Amino acid sequence: MHIDGVYVEQMGNAERMGSSGDAFGLKKTDFRALMMDLEYVIMIACAFVEYTIELAIFPALKNQWLSKAGLVMVLVGEAIRKISILTAGRAFTHTIRTHHEDHHKLITHGIYKFMRHPGYCGYFITAAGTQVLLCNPICIVPIVVGTWQFFSSRIQYEELFLRQFFGPRYEEYCNRVPSGLPFVK
């Protein structure tokens, strides 16, 4: 979910890679931007522990139709995320840009017609979907809440700069198109 996103981003940004020999673009990526911090590792470890314990003690909790619904969520979330990365092309990065660059464009076509932050939306759906897939009734709550809090604050921070970069055009876009994350205007 993380490294493949970096790879898809780099596929759409081959000219930025140059001849660095960094086929996956990892040298230029801040892993904190990928939400790969201690809290994330703890959430994933807890989800694995929950799944393993429940499977051993309460195997009936692991429901096949619910797992299939979770798989659909994961696939839909990943598709949304990858489409957003490919649509934005060079405008998509895993780090928030704080300075406007000449090539920086406001993307409002494709999937961005329907939501301002489809990459975050896709990631959010995937994160929730993994817990539905695993039938984890305990970890789904902190993972969904934690992921929502992360992206909610990230959207607020990122949009400060987008408003500076694009002014009234971005404001009009915000009024017309939802963020893509539940309860985030």
Side-chain angles (χ1 to χ4, degrees), residues 1-13 17 22-88 92-96 111 114-158 178-185:
M1 191 161 71
H2 298 292
I3 302 303
D4 65 328
V6 174
Y7 182 69
V8 171
E9 174 193 350
Q10 294 305 319
M11 283 175 36
N13 295 305
M17 283 175 43
D22 184 16
F24 293 99
L26 299 178
K27 291 178 185 173
K28 299 177 183 176
T29 301
D30 177 355
F31 283 89
R32 289 172 302 190
L34 301 178
M35 219 174 111
M36 293 181 81
D37 55 12
L38 182 59
E39 291 87 358
Y40 177 79
V41 172
I42 290 170
M43 285 191 322
I44 296 305
C46 288
F48 176 74
V49 168
E50 178 185 353
Y51 177 79
T52 305
I53 290 171
E54 288 172 356
L55 187 60
I57 299 173
F58 309 109
L61 275 177
K62 305 305 177 188
N63 184 302
Q64 280 194 338
W65 71 264
L66 195 56
S67 285
K68 289 176 184 172
L71 177 60
V72 168
M73 289 175 69
V74 169
L75 294 174
V76 167
E78 282 299 293
I80 291 169
R81 183 160 170 74
K82 300 310 184 276
I83 289 167
S84 73
I85 292 169
L86 293 173
T87 301
F92 187 95
T93 64
H94 281 89
T95 54
I96 295 173
I111 197 165
F114 307 103
M115 61 187 95
R116 297 190 313 270
H117 300 282
Y120 300 158
C121 173
Y123 189 108
F124 181 76
I125 293 168
T126 300
T130 59
Q131 298 312 296
V132 174
L133 173 71
L134 297 172
C135 299
N136 279 354
I138 297 170
C139 283
I140 193 168
V141 173
I143 287 178
V144 166
V145 169
T147 305
W148 183 88
Q149 287 176 328
F150 175 82
F151 286 126
S152 174
S153 63
R154 187 175 170 100
I155 285 171
Q156 289 177 17
Y157 181 69
E158 182 174 3
S179 73
L181 203 64
F183 311 111
V184 176
K185 185 176 181 310

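Everything numeric here is computed off the predicted structure, so don't read it as measured data.
- A 4.5 Å side-chain heavy-atom check between Val72 and Lys68 finds every atom pair outside the cut-off.
- Contact between Ser153 and Phe150 at its shortest, heavy atoms only, is OG-O, 3.1 Å.
- Scanning both residues, Arg154 and His94, for their nearest heavy atoms gives NH2-O, 2.8 Å.
- No donor-acceptor pair closer than 3.5 Å links the side chain of Asn136 to the backbone N or O of Ile138.
- Atom CG in Leu66 sits 10.5 Å away from atom CG in Leu134 (nearest 0.5 Å).
- Contact check for Phe151 versus His117: no side-chain heavy atoms found under the 4.5 Å cut-off.
- Using a distance-only test at 3.5 Å, with no hydrogens or angles considered, a donor-acceptor pair links the side chain of Ser179 to the main chain of Val184.
- Using a 4.5 Å heavy-atom cutoff, the side chains of Phe183 and Trp148 are in contact.
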Would you list the atom pairs, donor with acceptor, under 3.5 Å between side chains in residues 139-146 and any protein atom, with sequence neighbours excluded?
none

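- A distance of 10.5 Å separates CD1 of Ile85 from CD1 of Ile111, quoted to the nearest 0.5 Å.
- A donor-acceptor pair is defined here as one N or O able to donate and one able to accept, closer than 3.5 Å; no such pair exists between the side chain of Thr147 and the backbone of Phe124.
- The CG atom of Leu38 sits 11.0 Å away from atom CE of Met43, with the distance rounded to the nearest 0.5 Å.
- Between Tyr120 atom OH and Ile125 atom CD1 the span is 15.0 Å, to the nearest 0.5 Å.
- When all heavy atoms are compared, the tightest approach of Met115 to Gly180 is CB-CA, 3.8 Å.
- Atoms CZ and CD1, on Arg116 and Ile155 in that order, are 7.0 Å from each other to the nearest 0.5 Å.
- Residues Ile44 and Glu39 fail the side-chain proximity criterion, which asks for heavy atoms closer than 4.5 Å.
- Between the CD1 atom in Ile80 and the CG atom in Leu75 there is a gap of 11.0 Å [rounded to 0.5 Å].
- The two residues Arg81 and Gly119 come nearest to each other via the heavy atoms NH1-O, 3.2 Å.
- Of the possible polar contacts, one joining the Lys62 side chain to the Cys135 backbone as a donor-acceptor pair under 3.5 Å is found.
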